[in-house]
Protein chains: 2
Amino acid sequence: MAVQDRQQVTIYEVAQRVGVSIATVSRALRGTDYVAPETRRRVLAAVEELQFRPSRLGQSLAEGRHAANGIVFPDLSGPYYSEVVLGYEEVAAELGNSVLILATHGRPDPSRKVLELARRVDGMVVMGRTVADDVVAQVAEIGVPTVLLARAAVGALDTITADNDTSARQLVEHLLEHGYQRFAYLGDPDSSPDVTDRYRAFREALTDAGRKPPRSPVRCAFDVDAGHRAARRALAGSPRPQVLVCANDEVALGAMAAAAEQGLTVPADVAITGWDDVMAARYAGLTTVHQPMRELGATAARWLQDRMAGSQAAVRREVLPTRLVVRTSCGPHDAEKEVRG
Amino acid sequence: MAVQDRQQVTIYEVAQRVGVSIATVSRALRGTDYVAPETRRRVLAAVEELQFRPSRLGQSLAEGRHAANGIVFPDLSGPYYSEVVLGYEEVAAELGNSVLILATHGRPDPSRKVLELARRVDGMVVMGRTVADDVVAQVAEIGVPTVLLARAAVGALDTITADNDTSARQLVEHLLEHGYQRFAYLGDPDSSPDVTDRYRAFREALTDAGRKPPRSPVRCAFDVDAGHRAARRALAGSPRPQVLVCANDEVALGAMAAAAEQGLTVPADVAITGWDDVMAARYAGLTTVHQPMRELGATAARWLQDRMAGSQAAVRREVLPTRLVVRTSCGPHDAEKEVRG
DNA sequence: TTGAAAGCGGTACCAA
DNA sequence: TTGGTACCGCTTTCAA
């Protein structure tokens, strides 16, 4: 007699209870039109008494909007995506939208899921290497406002990225100042747009400085173990590289472990750098690049809101600044350059 | 002529195009009833041609379900929640449910948002210290199946937690073996159910061993900076504590920094332990406790699915095992006990 | 100020 | 095998 009454209270029951039409109840509840104060009072009383909660589905169907938006990302391991998603959620929630998440987990074909997501939201953010461009285009074409984050622009969609170029160049310059000659790059430029950019900038910076970049990157996935294995391969080369420039911090941390295993000291025997400035980087003394992750997510949420509100303004493209964080893994310095990481 | 036709194609247009009723289109699409092969073919052709995508809202309203579920957590910074959410998302998605997230960000009163979330899902998971018990009870009463994760049971709701007790005791025992006498606890037992348990078990273990537990914990928030400040306070005490048992790894890492600043060596001058086994812990040599985070989320998702499917089985309560990870920060050992953290 | 009723876009039962 | 139609629960226009 209590467990089974899953029957939701509807607006009809409220109306009946008060002795008015459902239209009046609706008005009283949303304050969209004038309702006699006395009537409103009675409606609210009945709502309270019956514990009426309007059905979101009925509401959305009638309003023609979900009041929700989604975000698609590859994964959530590692602080990078978590922080971005968090920044996104915070702003989206503030703007009154619920947030749907979709992790592609590196699955072969997430387009079905992405399209499915598109049917449940008023707008969505698509991050990095998750789905093919044509799927993104399709989503946009359906009429779902879309903002791209940390991936190359597609059509006329708003796109926000972090600056891989400048920092990669600064990093190389810094390493050159240390006097290094032989560089290796650990990471797969095909694995994500960010790495593609970082690797390209890395090569260009070396070339511009009159150095010869490595023939090819030592390809590996984004995790510690992959970095460990890749570093082992790289360090087996002869002559041994003096610096391992890694696609991200996880890879770099794995590389540090590999170096230690081989009895190599960092940075005396081999220098190592990462990317992302995860918390562990600080404790490992890892030289890396800090990205404004929270800000990336927050900005995406705001832009999306504008588009959902119908803004037809020109396409927005923005590259948020990043910051080189010099610690000890890249070589000896006079003093610790970092104040409080 | 292309930008403005936000008009979604409806099932009516498909039906008209094919010259059948909407009922037939619906059947052809969901394969719920027999449809003449030829008819089905024509329907699918029209669907393709018109790029028809059924409205999720219409569908859900008619079906009486959202095909979505939610998860409420305090935050996403730090790997703990990220991993749990990821494990949850993965399973939920596999089971055909979209996932809505809600981060409470430690805001004063998230009950509005939680209730709002409850209107959009068929079931939800509520983690740790996010909302008051009565809100959870209310959500459950509304008829939204709810699973509790890492928080004390409420009513007859399924509850899954990680084992704080056993590990806390093991940890204390291990520290006692090191011969320490003076313990301090860094963290706020009121900040989360997990810390409440850990602190209690910590005290009990000391008491059981005939030692005197600290008069009170050194309260601090869950982040590195808070841990840093708390450690400074704790280390200023006289006599100085020999061990700082920290509520989680972030706090412990902050404490390590504080110790270093004061010229104290870990573990020679002061031992430090954490909780969670975040990536940085490995590189900091931090003795800590590993939790099955992914598994927590995944299990919650499965249980929720059962309840959403209408299971009236007895309340489920499960405590997943955790694992003490001994590294160097707790004191000298014959050999590194950890194989590959 | 309020009510009647037409949607919103589907699903599924009942007949044919 | 297919069609007609009654919902699902709410919003909003048009009249009264």
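In what follows, every heavy atom counts, from backbone to side chain, and hydrogens, waters and symmetry copies are set aside. Below, chains carry the letters A, B, ... as their sequence lines are ordered, and counting in each starts from 1.
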Any idea which of [options] is nearest the [X] side chain?
X     : options               : value
B:V35 : D:dT2, C:dG10, D:dT11 : D:dT2
A:Q59 : D:dC10, C:dT1, C:dG10 : D:dC10
B:A36 : C:dG3, C:dG10, D:dT1  : D:dT1

Between [X] and [N], does any side-chain N or O lie under 4.0 Å from OP1 or OP2?
X     : N      : value
A:S26 : D:dT11 : yes
B:R65 : D:dC8  : no
A:S21 : C:dA4  : no
A:R30 : D:dT12 : yes

Map A:L61 and B:V20 onto DNA chain D by nearest heavy atom, then report which one ends up closer to the 5' terminus.
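Final value for this comparison: B:V20.
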Quick one: on DNA chain D, does B:A62 or B:P37 contact a more 5' nucleotide (nearest heavy atom)?
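Its nearest nucleotide lies further toward 5', so the answer is B:P37.
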NA contact type, [X], heavy-atom cut-off 4.0 Å: base, sugar-phosphate, or nothing?
X     : answer
A:T39 : sugar-phosphate
A:S55 : sugar-phosphate
A:A23 : base
A:R27 : base
B:T32 : nothing
B:R53 : sugar-phosphate

With the threshold set at 4.0 Å, does a side-chain nitrogen-carboxylate oxygen contact exist between [X] and [Y]?
X      : Y      : result
B:R317 : B:D158 : no
B:D194 : B:R129 : no
A:R302 : A:E94  : no
A:E116 : A:R119 : yes
A:R42  : A:E49  : no

Using a distance-only test with no angle check, is there a side-chain donor-acceptor pair under 3.5 angstrom linking A:R307 and A:Q305?
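No donor-acceptor contact under 3.5 Å links the two side chains.
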B:R107, CZ atom: more than 12 neighbouring heavy atoms under 6.0 Å:
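Correct, the count exceeds 12.
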[N] [atom2] sits how many Å from [X] [atom1], rounded?
X     : N      : atom1 : atom2 : value
A:Q8  : D:dC8  : CD    : C1'   : 13 Å
A:E13 : D:dC8  : CD    : C1'   : 13 Å
A:I22 : C:dG7  : CD1   : C1'   : 12 Å
B:R56 : D:dC8  : CZ    : C1'   : 14 Å
A:Q16 : C:dG3  : CD    : C1'   : 15 Å
A:E63 : C:dC8  : CD    : P     : 15 Å
B:D33 : C:dA12 : CG    : C1'   : 8 Å
A:Y34 : C:dT2  : OH    : C1'   : 16 Å

The helix from C:dT1-D:dA16 to C:dA16-D:dT1: angle between its terminal axes, five pairs each, to 10°?
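For the helix from C:dT1-D:dA16 to C:dA16-D:dT1, the axes at either end differ by 40°.
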Taking atom OG1 of A:T24 and atom CZ of A:R27, what is their separation to the nearest 0.5 Å?
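Result: 5.0 Å between the selected atoms.
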With a 3.5 Å cut-off and just heavy-atom distances, do the side chain of B:Y12 and the base of C:dC8 make a donor-acceptor pair?
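No, the side chain and the base share no sub-3.5 Å donor-acceptor pair.
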Is any side-chain heavy atom of A:V131 less than 4.5 Å from a side-chain heavy atom of A:V136?
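With C-beta onward as the side chain, the pair touches.
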